[in-house]
Amino acid sequence: ALLVAVGAQNKPLADELVAGFAAVQVTTGPFAGAFPSYADQRNPANASTDYYTGANAIMAYALARYYEAYGNQGGVQ
């Protein structure tokens, strides 16, 4: 979804998606920086404890494209 929003130059949607991703990103422990396999941004504490390498690679690529298009806006650094 983030790749499509960035490609369509829909910054408001891209910003909303980045905010949701930031809400569920793991911040501490051995998986810090990873994204769970599924999570509800309204309740990040209830996120899965499974982390899939492929999904995290796609997420990293999507965030890189966001950063390329918009720079350090929306907290992406």
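Computed over heavy atoms, backbone and side chain alike; hydrogens, waters and symmetry mates excluded.
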Taking only residues at least two apart or on different chains, which pairs with a member in residues 7-32 satisfy ring pair (Phe, Tyr, Trp, His ring centres under 6.0 Å)? Phe31-Tyr51
For residues 19-30, which residue pairs pass the side-chain hydrogen bond (donor to acceptor under 3.5 Å, both in side chains) check, not counting sequence neighbours? none
My understanding is that only residues two or more places apart in sequence, or in another chain, count here; which of them pass ring pair (Phe, Tyr, Trp, His ring centres under 6.0 Å) with Tyr38? none
Please report the closest heavy-atom contact between Ala39 and Val24, naming both atoms and the distance. CB-CG1, 3.6 Å
For Leu63 and Leu2, work out which heavy atoms get closest and say how close. CD2-CD2, 3.9 Å
With sequence neighbours excluded, residues passing side-chain contact (heavy atoms from CB on, under 4.5 Å) with Tyr61: Leu3, Arg65
Listing request: all salt bridge (charged side-chain N to carboxylate O under 4.0 Å, His left out) pairs with a residue in residues 43-64, at least two apart in sequence or in separate chains. none
Can you get from Met59 to Val26 by hopping between Ile, Leu, Val, Met, Phe, Trp and Tyr side chains that sit under 4.5 Å apart? no
side-chain contact (heavy atoms from CB on, under 4.5 Å) filter on Asn46, not counting sequence neighbours, yields Asn43
